Amino acid sequence: TDGEGFELKPGDHIVVQTHGLPAGGAERQWVYLAQALDKAGYRVTLAAFSLNGDKAHYLPLLTHSGVHLFDASKMDEIEIFRNLPPIPHMGVVIKATGIECVEELLRLTAAFNLLKPKAVLAQLDDTNLLSGVAARFCGIRRIGVSFRNYNPTHFWFAQDWHLSCY
């Protein structure tokens with residue numbers, strides 16, 4: 001335990017992170033997860049890289065819930081850099097892992113630092129990895145990532161940096 005414990009309790013802020021909300025089963029389940037956590041008494045923010053156009057298919061499901069939305073694509077460069085926490089050795093971490101999506105990593109790190117959740121739950125591949133690294137950069141110790149139904153080393157679409165981050 002870290003002194004305050006790792007348990008989450010109603011009232012705690014949880015970010016449910018995804019790439020977007022296009023028509024798809026995983027995205028629909030993420031909306032259901034956000035709604036269930038909200039109904040259980042957690043303060044929930046569903047954050048995404050983009051909630052525009054075809055990446056907003058499931059937004060209507062969230063309209064009548066208490067889930068807050070955060071569209072990271074709306075953050076401009078000034079807002080991103082203003083909200084980045086001091087991150088010792090950030091360049092070393094990026095180089096060591098080989099992360100290719102540096103702009104998205106900075107955007108997520110700034111978003112998490114702005115939102116200040118107690119936990120981050122992420123889904124699917126790039127989002128899992130970028131959310132995990134960004135959450136650690138912000139000192140968030142409760143990080144949950146989803147996985148597909150097979151070993152990450154067997155992803156047919158895996159990029160080189162995925163394995164080092166997993």
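What you are looking at is a predicted structure, and each value in this text was computed from that prediction instead of being measured.
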Evaluation steps, side-chain contact (heavy atoms from CB on, under 4.5 Å), between V93 and F137: CA-CA 10 Å; V93 171; F137 281 162; 3.9 Å; yes
Connected via hydrophobic side-chain network under 4.5 Å: F49 and V44: no
Where at least one partner belongs to residues 81-101, residue pairs that pass side-chain hydrogen bond (donor to acceptor under 3.5 Å, both in side chains), sequence neighbours excluded: none
Minimum heavy-atom distance between C101 and L130, given as atom pair plus value: CB-CD1, 3.9 Å
Cluster link L8 to V120, ILVMFWY, side chain under 4.5 Å: no
F70 reachable from L21 in the ILVMFWY side-chain graph, under 4.5 Å edges: no
Nearest-0.5 Å distance, NE2 of residue H13 to CD1 of residue I140: 9.5 Å
Side chain D38, main chain G66, donor-acceptor under 3.5 Å: yes
Criterion side-chain contact (heavy atoms from CB on, under 4.5 Å) on R28 and H57, from CA distance to verdict: CA-CA 9 Å; R28 185 179 62 245; H57 179 80; over 6 Å; no
Where E27 and G20 come nearest, the two heavy atoms and their spacing: CG-O, 3.6 Å
Validation row: P22, D54 side chains within 4.5 angstrom (heavy atoms): no
From L106 atom CG to F81 atom CZ, the distance as rounded to the nearest 0.5 Å: 5.5 Å
CD on Q17 to CD1 on I143, rounded to 0.5 Å: 12.0 Å
Nearest-0.5 Å distance that lies between atom CG in L129 and atom CG in L108: 11.5 Å
Same apolar cluster: V15 and L61, side chain cutoff 4.5 Å: no
Single-linkage hydrophobic cluster M75~L51, side-chain heavy atoms < 4.5 angstrom: no
Euclidean distance, I87 CD1 relative to I94 CD1, rounded to 0.5 Å: 8.0 Å
Verdict with supporting geometry, D126 and H19, side-chain contact (heavy atoms from CB on, under 4.5 Å): CA-CA 8 Å; D126 287 4; H19 61 99; over 6 Å; no
Straight-line distance of T63 OG1 to Y58 OH, nearest 0.5 Å: 14.0 Å
Flag side-chain contact, heavy atom, 4.5 Å: S73 against N52: yes
E79 atom CD: more than 12 heavy-atom contacts under 6.0 Å: yes
Candidates L121, L124, L46 - the one meeting side chain to side chain contact (heavy atoms under 4.5 Å, CB included) with T18: L46
Exam field: side chain R43 to backbone G11, donor-acceptor pair closer than 3.5 Å: yes
Closest heavy-atom pair and its distance - P85, T109: CD-CG2, 3.7 Å
K9 and K118: CA distance, side-chain angles, deciding distance, side-chain contact (heavy atoms from CB on, under 4.5 Å) verdict: CA-CA 10 Å; K9 57 190 175 309; K118 190 167 183 180; 3.7 Å; yes
Nearest atoms (heavy-atom pairs only) where P60 meets A56: CD-O, 3.9 Å
